[in-house]
Amino acid sequence: MKKKLSLNHILGWVTLILLLVVTLLPFAWAIRTAITPNAQIFSGNYSLIPTDVTWINFKRVLGLASPEEDMAAGGSGAKMYFWLYLRNSLIFTAILVFGQVLSSAMAAYAFARLRFPGRNAIFTVLLTGMMIPPIFIVLPNFILIKNMNLLNTFTGLLAPYVFVCPFAIFFLRQFFLALPREVEEAAKLDGASHLRIFAGVVVPMMKGPISTVAIIQAVFAWNEYLWPQLVGNEHVVRVLNVALAVFQQASPSTRPDWAGLMAAATLQTIPMLLILLLFGRTIVSSIGLTSAK
């Protein structure tokens with residue numbers, strides 16, 4: 001029998017559609033600005049579809065336009081080394097994700113399975129770290145990195161983040177606790193050590209949650225701005241988020257290059273959008289299972 005739509009269902013769908021529109025409207029407007037000539041941005045046309053679509057702003061950002069074309073399109077002449085900054089962002093994100101996922105998974109397994117003095121106290125201290133605003137530790141970390149002469153290096157960029165993450169430990173520990181012990185006990189009877197059990201038995205069974213943590217941390221690393229701006233502002237280690245701010249500051253305040261900035265911002269979001277589109281279902285299902293536990 002066909003189910004009749006109730007008032008609650010209709011209100012729910014309307015609310016979801018409104019939330020979706022509010023969420024996607026800024027991104028749609030950014031794309032609209034990116035394909036609009038600079039001279040027409042303040043023309044009074046507020047339609048989502050511009051009258052004169054152009055790709056010159058993307059060419060300028062990718063370094064495919066000449067200086068004359070850049071100036072004619074409303075640019076300031078400032079170069080955007082997009083591919084270099086993209087490489088830096090990929091290096092920063094990849095190393096951070098690998099380090100945090102590996103160390104957090106090992107720590108979560110230890111808290112879930114091993115028995116050692118002070119285990120609960122240490123876990124409580126780690127959870128307390130989730131309640132401390134990150135801005136509180138920026139200045140101490142910056143002074144430490146400066147005293148170690150690690151400014152404008154990938155080591156300085158990654159040092160505060162590359163190891164354990166309290167959220168990742170808590171998230172993975174919930175799944176480790178739910179794993180059946182019989183499989184691990186069978187491996188112990190075969191003479192396997194804790195490290196071998198973790199690498200050969202537990203990790204293959206935890207691909208879903210571990211992938212979810214990796215995606216969440218990748219999005220965090222890709223969107224990080226404050227710390228890379230403080231520590232890695234030099235050209236050779238500058239990430240895309242910092243490069244966008246520098247690109248904006250290079251244009252005069254009386255004639256900002258909004259079209260070029262939105263083109264660069266649109267390109268900057270593509271890698272994470274692809275990851276979320278491909279693995280979004282994994283994230284939702286893993287978070288749902290965690291809340292059920």
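Worth knowing before you read on, the calculation uses all heavy atoms, side chains too, and leaves out hydrogens, waters and symmetry mates.
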Next item on the list: Test L19 against every option in T15, V21, I17 by the side-chain contact (heavy atoms from CB on, under 4.5 Å) rule and name the one that passes.
Entry: T15

Check: Parallel, tilted or perpendicular for F58 and W55, by the 30°/60° rule?
Finding: tilted

Next item on the list: Check whether any side-chain heavy atom of I122 sits under 4.5 Å from a side-chain heavy atom of F111, and report yes or no.
Entry: yes

Checklist line | Aromatic plane relationship, F176 with Y109 - under 30° parallel, 30 to 60° tilted, over 60° perpendicular | finding: perpendicular

Notebook entry, point to check: Is it true that a side-chain atom of W227 and a backbone atom of L157 form a donor plus acceptor pair closer than 3.5 Å?
Noted result: yes

Next item on the list: State, with a plain yes or no, whether a side-chain heavy atom of L226 is found less than 4.5 Å away from one of I135.
Entry: yes

Next item on the list: State, yes or no, whether a side-chain contact exists between T36 and M262 at a heavy-atom distance under 4.5 Å.
Entry: no

Notebook entry, point to check: Looking only at atom types and distance, does a side-chain atom of R238 sit under 3.5 Å from a main-chain N or O of N233, one as donor and one as acceptor?
Noted result: yes

Next item on the list: Decide yes or no for L179 and M206: does some side-chain heavy atom of the first lie under 4.5 Å from some side-chain heavy atom of the second?
Entry: yes

Checklist line | Heavy atoms from other residues, nucleotides or ligands near CZ of F116 exceed 12 (cutoff 6.0 Å) | finding: yes

Check: Is the shortest heavy-atom distance from the side chain of L96 to the side chain of F163 under 4.5 Å?
Finding: no

Margin query: Would V237 and T153 count as a side-chain contact (heavy atoms from CB on, under 4.5 Å) here? Give the steps.
Written below: CA-CA 6 Å; V237 295; T153 63; 5.6 Å; no

Next item on the list: Kindly indicate whether the side chain of R60, heavy atoms from C-beta on, has any atom under 4.5 Å from the side chain of D257.
Entry: yes

Next item on the list: Measure across V61 and F82 and return the closest heavy-atom pair with its distance rounded to 0.1 Å.
Entry: O-CB, 3.5 Å

Item checked: Within-4.5 Å side-chain heavy-atom neighbours: F198 and R113 -> no

Next item on the list: Would you confirm whether N57, through its side chain, and P37, through its main-chain N or O, come within 3.5 Å as a donor-acceptor pair?
Entry: no

Margin query: Please check: side-chain N/O of S89 versus main-chain N/O of L86, any donor-acceptor pairing under 3.5 Å?
Written below: no

Notebook entry, point to check: Hey, are the side chains of Y85 and V239 touching, using non-hydrogen atoms and a 4.5 Å cut-off?
Noted result: no

Checklist line | Backbone of N241 reached by a side-chain donor or acceptor of Q268 within 3.5 Å | finding: no

Note to self: Do I275 and F92 land in one hydrophobic cluster if side-chain heavy atoms of ILVMFWY residues count as linked below 4.5 Å?
What the structure shows: no

